[in-house]
Amino acid sequence: MATAKLILDGKEYELSVIEGTEGEKAIDISNLRNQTGYITMDTGYANTGSCKSAITFIDGEKGILRYRGYDIEDLAANARFPEVAYLLIYNHLPNQAELSEWRRQLTLHSLVHESMLNFFDHFPPTAHPMSILSAMVASLPAFYPDMDNVDVNIMRVLAKAKTIAAISYKKSIGEPVVYPRTDYSYMANFLRMMFATPAEPYEVSEVLENALNLLLIVHADHEQNCSTSTVRMVGSSQASLFASISAGICALSGPLHGGANQAVIEMLEKIHKDGGDYKKYVNMAKDKTSNFRLMGFGHRVYKNFDPRAKILKKACDEVLAQLGVKDPLLDIAKNLEEIALSDEFFIERKLYPNVDFYSGILYRAIGIPTNMFTVMFALGRIPGWIAHWKEMHEDPSLKIHRPRQIYTGHRKREFVPVWQRP
Ligand code: ACO
């Protein structure tokens, strides 16, 4: 077995090496502080493994992404989202009977407690749908307090999140809430709850259903990213599945993470309004004195290409053609990508379009409003968060997550009161 040697203050220490099934290697430092008095420092955790996990494999150099051993390209081309959710959570693809029951349960659990509807009425109309989603998911334990029934709670959060998302949209535009139906699929139910009105019949379009299915699948998991690590961090205190997922939603909302899909469309709209001068924006992104970044570009792990961005770029062409939509933002995005990929600044830093670069164009084509893009990401990511929360709780060696720090503040000081007690 390979080991690593560390020489510190003239003393030699042997550290064991851990190897994953795909040959990834780690130096085990779990006893380092006890042995040496030192900790390691890795701001942003770029070189730190926080756990062993059997859910998702990424090779950022080769652009490989696999859920439970299945290539993302295969799943995106052939699977349905509920099937992928089952795979991530239970580590095997469901057979016919398991899939039928899983789908039935997901539709049965789609309704939210009627009292929850009161909450929606008291958010200001300007409330961001991500705030509403995280608040509503955080309040689920109040309505469903039985925390021991993990499998039922898994179905509850998966099924209800899409209903919560659609209700928040209906409330924001002042239309009546559309209730879920048990005879509709996950995707069809969501589209119906979003877009049906009492004014006219609504038929779910197969093109939109398939586009949504693809989007949710490519977002379903991405190993130890910021929001998933948050779910694990919160869950490590034995906080409930609902509380942990609500925390994940909050982490996802930031523009450097899931919030980037909204930021990309806002950026493309700005370039469009500005006469389509995308070169100006590429130059701004290179200018270190401007705070501007090309949103939807760059990734901590992918250093060649993001396979999800490839899948979505192709889907943009196909779906827009099927719908007969011509979106000028798609042309701007493609031009931006082309010019950035041939520019030394982006080549040197290995900056490529990430999943968020093209997803917004598809969401727009489906009719999802821009401020709901990150909610869509969250709906896709919920199975991944559940899988990680479950994997962590099934590990008998689970410990509360508690990193260390190097303190750089004041040394001990005397307290001198500025006022006298009367
Ligand atoms: N535009 C311009 N320059 C960039 C960009 C960008 N989008 N991304 C990184 N850079 C530059 C940085 O300025 C830095 O340059 P320097 O070495 O000269 O200082 C270098 O590339 C490395 O960037 P870091 O911020 O150190 O990379 P990190 O791995 O920490 O960040 C991140 C990755 C957050 C995704 C970053 O690339 C970014 O901000 N991208 C834009 C936001 C975005 O699209 N986020 C979605 C990520 S995918 C997801 O969460 C689903």
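As the structure lists them, so they are numbered: ligands from 1, and atoms in each ligand from 1.
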To which protein heavy atom is atom 48 (S) of ligand 1 closest, and what is the distance rounded to 0.1 Å? His299 CD2, 3.7 Å
Cation-aromatic face contact Lys162/Tyr186, 6.0 Å, 45 degrees: yes
Per-atom contact, atom 26 (O) of ligand 1, protein heavy atoms, under 4.0 angstrom: no
Answer yes if a protein heavy atom lies under 4.0 Å from atom 16 (P) of ligand 1, otherwise answer no. yes
State which residues pass salt bridge (charged side-chain N to carboxylate O under 4.0 Å, His left out) with Lys280; sequence neighbours excluded, sorted by chain then number. Asp274
Does Lys286 have a heavy atom less than 4.0 Å from any atom of ligand 1? no
If you count the atoms of ligand 1 from 1 in the order shown, which ones are under 4.0 Å from a heavy atom of His257? 46 (C), 49 (C), 50 (O)
Which ligand 1 atoms are under 4.0 Å away from a heavy-atom of Gly296? 43 (C), 44 (O)
Starting at CG of Leu241, measure out to CG of Asn149 and round the result to the nearest 0.5 Å. 11.5 Å
Asp277: what forms a salt bridge (charged side-chain N to carboxylate O under 4.0 Å, His left out) with it, not counting sequence neighbours? none
Could you tell me whether atom 50 (O) of ligand 1 has at least one protein heavy atom nearer than 4.0 Å? yes
Between Glu269 and Arg364, is there a salt bridge with N-O shorter than 4.0 Å? yes
What part of Val355, side chain from CB on, backbone N/CA/C/O, both or neither, has a heavy atom under 4.0 Å from ligand 1? side chain
If you count the atoms of ligand 1 from 1 in the order shown, which ones are under 4.0 Å from a heavy atom of Ala260? 43 (C), 44 (O), 45 (N), 46 (C)
So, applying side-chain contact (heavy atoms from CB on, under 4.5 Å) with Ser53, which one of Gln224, Met392, Glu223 is it? Gln224
Any idea which protein heavy atom is nearest atom 30 (O) of ligand 1, and the distance to it? Arg300 NH2, 3.0 Å
To which of Phe346, Phe377, Phe345 does the heavy atom nearest atom 3 (N) of ligand 1 belong? Phe345
Arg68 NZ/CZ over Tyr70 ring centroid, <6.0 Å and within 45° of normal: no
Atom 24 (P) of ligand 1 - nearest protein heavy atom and its distance: Arg293 NH2, 4.1 Å
In Å, rounded to the nearest 0.5 Å, how long is the span from CG of Leu362 to CG of Leu215? 5.0 Å
Is it true that the NZ or CZ of Lys171 lies under 6.0 Å from the centre of Phe123's six-membered ring and within 45 degrees of the ring axis? no
Atom CZ of Arg181: over 12 foreign heavy atoms under 6.0 Å: yes
List the closest protein heavy-atom neighbour of atom 2 (C) of ligand 1: residue, atom name, distance to the nearest 0.1 Å. Ala285 O, 3.8 Å
The answer for which part of Asn354 has a heavy atom under 4.0 Å from ligand 1 is side chain
Do any nitrogen or oxygen atoms of Leu294 lie less than 3.5 angstrom from nitrogen or oxygen atoms of ligand 1? yes
Does a side-chain N-to-carboxylate-O contact under 4.0 Å join Glu101 and Arg104? yes
For atom 35 (C) of ligand 1, grab the closest protein heavy atom and report residue, atom and distance to one decimal in Å. Gly298 O, 3.5 Å
Quick one: look up the protein heavy atom nearest atom 42 (C) of ligand 1 and list residue, atom name and how far away it is. Met295 CE, 3.5 Å
Strictly under 6.0 Å, is that where the ring centroids of Tyr302 and His222 end up? yes
Counting non-hydrogen protein atoms only, what is the nearest one to atom 13 (O) of ligand 1? Give residue, atom name and distance. Lys288 NZ, 3.0 Å
For ligand 1, does His222 get within less than 4.0 Å through its side chain, its backbone, both, or neither, judged by non-hydrogen atoms? neither
Could you check whether Phe297 and Phe346 have their ring centres less than 6.0 Å apart? yes
Less than 3.5 Å between some nitrogen or oxygen of Leu256 and one of ligand 1, yes or no? yes
Between Leu351 and ligand 1, which part of the residue brings a heavy atom under 4.0 Å of the ligand: side chain, backbone, both or neither? side chain
Just jot down the ligand 1 atoms closer than 4.0 angstrom to any heavy atom of Arg349, in number order. 11 (C), 15 (O), 16 (P), 17 (O), 18 (O), 20 (C), 21 (O)
Looking only at protein heavy atoms, what sits closest to atom 41 (C) of ligand 1 is Phe297 O, 3.4 Å
Between Pro307 and Leu65, what is the shortest heavy-atom contact and its length? CG-CB, 3.9 Å
